[in-house]
Amino acid sequence: MQEEPSRDLAALAVPQAGRLVATGSLWEPYRLVDADGLTVEPVAAYLRDLQAAGRSEATLRSYGNDLLRWFRFLWAIQVPWARVTRAEARDFCRWMLVAGKPIRPHWRGSAPAGEVSTASGNPYEPSVRAHCETVLRCFYDFHLGAGSGPIVNPFPLDRTRRGGRAHAHHNPMEPFGNQRAGLYRPKVPSRVPRNIPDEEFNEIFATLPSHRDRALVAFYVSTGARASELLSATLAGVDPGRQVITVVRKGTRELQELPASTDAFVWLRLYQVEMEGLIPKGRRQPLWWTLRRPARPLTYHAVHRMFERAGQAAGSTATLHSLRHTAAYRMAEDPALPLTDVQFVLGHALLSTTQIYLTPRKEEVIRRVLAHHAEQTRQAAERARPAPAPGYRPETLAVLFGSRTS
C-alpha cells in the first residue's frame, strides 16, 4: 500500500490564484484561468459538456466557482489534477471544514494576483461543502469516462451499504430518498424557511427609496418568485387586467404566469411613468432597469444589494430570498388556498417541498406557548384560592376582595 503524504493543513497557505472569467460569449459563458491567465482545459471541457446537457449559465458559474476552489487547493499543495488520490480529496474536505472561508480584500482594492488570503476559521456552510463535493465527483466522473483523468474517482460514493438491498427498511408510506451519497459529503441540516413578520416587512418597505424598488418587493412578496425569475420578466409578460406576470422558471426554463397583488401593479405603473422616455420600448425589452444613467437591465446582485441596504436602514437582517419564504407562508396559511396551488405558484417539483411552509412560524409558536404558561399560572392560582364558606354571597365577596370567587 502506498504511503500517504504527510501534509500540514494548519500551515497551508492557499493563494487566490486564477479566477473565473465571464466571457460574454454564448458558446463559452465562463472560463477558468490560472495565475498566468491560461485556460484550464479540463474545466473548459467539463463546462462544455454541461452546456450540451442544457445547464444554464448560472449553473456553469456555480460549478466553475467550486472547481476554482479545488484547483487553488491543488496549486497550493502542488499536485496535478489528474494525479490526485482519495488522500487529496479528504484533505480538501478537511481544509474547507477547518480552515474555512478566506478573508478576501475589498473588491475596490487592487489586490495583486496570487495574493495569499488569510483563512477566517469560519467553516464553509454544509450546503456549500456538499455542493462542492458533488461537483468534483461529477467532474472526475466525466474525465474518468473520457479517459483523460485518474483511473479512480478521488471523490467516491459511500459504499458502506453496498452489501444490503437498497431501501431494505423503507416505509412504503414515505418518499424514497437518495442513497447515492458521497463518501466525503457532509450532512446538510434541514432548516425551517425564514419568513419576515408583518411589522418588520412594513418597516423595510417604508425605507425603499423608489417606485421601482417598491414594485419589485411587492411582486416578490405576492408572487413568491425567485429573484432571478422576476428579473426575467419582459414588458409583454405583464398583464394588469388579469393581474398576472410571466416569468421564466429557474429549473425548467419554461414560461409561467404568476398572479400578483393589486398593489404590485400600482407600484409598477408608477415606476413606468417615472421612467417614461428613459428606457427602451418594445415587447421583448426587460421590465426592470437600473435607475442610474445610462439605464441598463437590472441584475440579481443589484437587487440583492438594494434590499440589503433597505434592511440595514430598518434594522433587519432579512435577505432577498426571505421574501419568497414570506409569500409561501402567507399562501400556505390561507385555508381557502389548496396546497397544490401553492406548489404550482412556487414551482416546486414535489409537494413535500411545499409542505415545509406548513411549519408554524417561530413567533407564533412563542406567543402561543407563553399564553399557555400564563393560563397554567392563572389556573394554579385559582386552585390555590380557598372556597368561601357557605352563606356568603359571591357578588359581595367580589366587591370586597376585587376578584371573582368560585
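Atoms considered below: every heavy atom in the structure, side chains included; atoms not considered: hydrogens, waters and symmetry mates.
Distance check, rounded to the nearest 0.5 Å: OG1 of T319 to CD1 of I196 gives 7.0 Å.
Every residue meeting the side chain to side chain contact (heavy atoms under 4.5 Å, CB included) condition with P154, not counting sequence neighbours, appears here in chain and number order: V84, A89, Y140, P150. For R330, the salt bridge (Lys or Arg N to Asp or Glu O under 4.0 Å) partners at least two apart in sequence or on another chain are D198. Looking at residues two or more places apart in sequence or on another chain, you find a side-chain hydrogen bond (donor to acceptor under 3.5 Å, both in side chains) between E200 and R194, S316. Under the side chain to side chain contact (heavy atoms under 4.5 Å, CB included) criterion, S222 pairs with A260, S261, A264, not counting sequence neighbours. With sequence neighbours left out, I151 forms a side chain to side chain contact (heavy atoms under 4.5 Å, CB included) with no residue at all. Residues meeting the side-chain hydrogen bond (donor to acceptor under 3.5 Å, both in side chains) test with N153, sequence neighbours left out: D141. Shown here are the side-chain hydrogen bond (donor to acceptor under 3.5 Å, both in side chains) partners of S228, two or more places apart in sequence or in another chain: there are none. Contacts of Y184 classified as ring pair (Phe, Tyr, Trp, His ring centres under 6.0 Å), with partners at least two apart in sequence or in another chain: none. Applying the side chain to side chain contact (heavy atoms under 4.5 Å, CB included) test to T396 and every residue at least two apart in sequence or in another chain returns R393. Under the salt bridge (Lys or Arg N to Asp or Glu O under 4.0 Å) criterion, R214 pairs with no residue at all, not counting sequence neighbours.
The shortest heavy-atom contact between A327 and Y220 is CB-O, 4.0 Å.
The backbone N or O of A130 lies less than 3.5 Å from a partner atom in the side chain of T134, making a donor-acceptor pair. Listed for the Q256 side chain is a donor-acceptor partner under 3.5 Å among the backbone atoms of F344. Panel note: side chain R292, backbone T290; no donor-acceptor pair is recorded below 3.5 Å.
A salt bridge links R137 with E133; the closest basic N to acidic carboxylate O contact falls under 4.0 Å.
Side-chain atoms of Y46 and H143 form no donor-acceptor pair, as typed in the model, at a separation below 3.5 Å. At a cut-off of 3.5 Å, with distance as the only test, no side-chain donor of T340 or Q343 sits close to an acceptor on the other residue.
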Listing, residues 302-312 side-chain donor-acceptor contacts under 3.5 Å, not counting sequence neighbours, or none:
{"unit_1": "R305", "atom_1": "NH1", "unit_2": "E308", "atom_2": "OE1", "d": "2.6"}

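Listed by first and then second residue, the salt bridge (charged side-chain N to carboxylate O under 4.0 Å, His left out) pairs that reach into residues 218-227 are R226-E229, sequence neighbours excluded.
Ring centers of Y271 and W288: under 6.0 Å apart, within the cut-off.
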